[in-house]
Amino acid sequence: QLRLVESGGGLVQSGGSLSLSCAASVLSFKSYLESYAIGWFRQAPGKERELVSCVAGSGGHTKYADSVKGRFTISRDNAKKTVSLQMNSLSPEDTAVYYCAGWLVDYCSGIPGYWGRGTQVTVSS
């Protein structure tokens, strides 16, 4: 029902910035992108996957993990069918595979129904 493709990962030095992008496509034209909350998860080696940030379907509500508040900013452009994650002041602790994920109707609650394949973000010290 929802296809998600991440891009923008790479290698960056500590203190630097990186912007991730998620291209979101609704597979049926009888469904609407505005019906999906979309967020970013990350999973570091040896750690559980954790929610980093998410944004409601209309873009009016956002959530952030405490560890990224003030450094990361999530935004969405439903007309362009993209969700972005601007990451500033990066540290090695931010190194992980970042996944775009989507919820139908629900706002970032429970297990997302849709996932991208992930993009690697590596922050060097």
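When a residue number appears, it is its place in the shown sequence, counting from 1. Small disclaimer: the values here were computed from a predicted structure and weren't measured.
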Non-hydrogen atoms of [X] and [Y] that approach each other most closely:
X   : Y   : answer
C22 : L4  : SG-CD2, 3.8 Å
V52 : V68 : O-CG2, 3.7 Å
L90 : R71 : CA-NH1, 3.9 Å

Does the [X] side chain pair with the main chain of [Y], one donor and one acceptor, at a distance under 3.5 Å?
X   : Y    : result
D77 : K80  : yes
E6  : R117 : yes
Y64 : I74  : yes

Applying side chain to side chain contact (heavy atoms under 4.5 Å, CB included), name anything that partners [X], two or more places apart in sequence or on another chain.
X    : value
V97  : Y99, Q120
S7   : S21
A56  : H61, Y107
V121 : L18, L20, M87, Y98, V123

Can you tell me how far the [atom1] atom of [X] sits from the [atom2] atom of [Y], to the nearest 0.5 Å?
X    : Y    : atom1 : atom2 : value
I38  : L2   : CD1   : CG    : 5.5 Å
I111 : D106 : CD1   : CG    : 11.5 Å
E93  : R42  : CD    : CZ    : 9.0 Å
R76  : T62  : CZ    : OG1   : 12.0 Å
K63  : S53  : NZ    : OG    : 10.5 Å
S109 : L51  : OG    : CG    : 10.5 Å

Find out whether [X] and [Y] are in side-chain contact, i.e. whether some heavy atom of one side chain is under 4.5 Å from a heavy atom of the other.
X    : Y    : answer
F41  : P112 : yes
S35  : L104 : yes
Y114 : W103 : no

Residue pair S58, E34: steps toward the side-chain contact (heavy atoms from CB on, under 4.5 Å) verdict: CA-CA 6 Å; S58 66; E34 291 82 356; over 6 Å; no

Side chain to side chain donor-acceptor pair (under 3.5 Å), that's the test. Do Q86 and S75 meet it? Break it down for me. CA-CA 8 Å; Q86 178 65 47; S75 62; over 6 Å; no

Only pairs at least two apart or in different chains count here, so list each side-chain hydrogen bond (donor to acceptor under 3.5 Å, both in side chains) that has a residue in residues 9-19. S17-N88

Centroid-centroid distance, F72 to W40, less than 6.0 Å: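 No; W40 has its ring centre 6.0 Å or more from that of F72.
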
If you count every heavy atom of other residues, nucleotides or ligands that lies below 6.0 Å from L27 atom CG, does the total exceed 12?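 Result for CG/L27: enclosed.
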
Should W115 and V55 be counted in the same cluster of Ile, Leu, Val, Met, Phe, Trp and Tyr side chains packed under 4.5 Å apart?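 No: no chain of side-chain contacts under 4.5 Å links W115 to V55.
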
Under a single-linkage rule joining Ile, Leu, Val, Met, Phe, Trp and Tyr whose side-chain heavy atoms are separated by less than 4.5 Å, which residues share a cluster with Y32? none

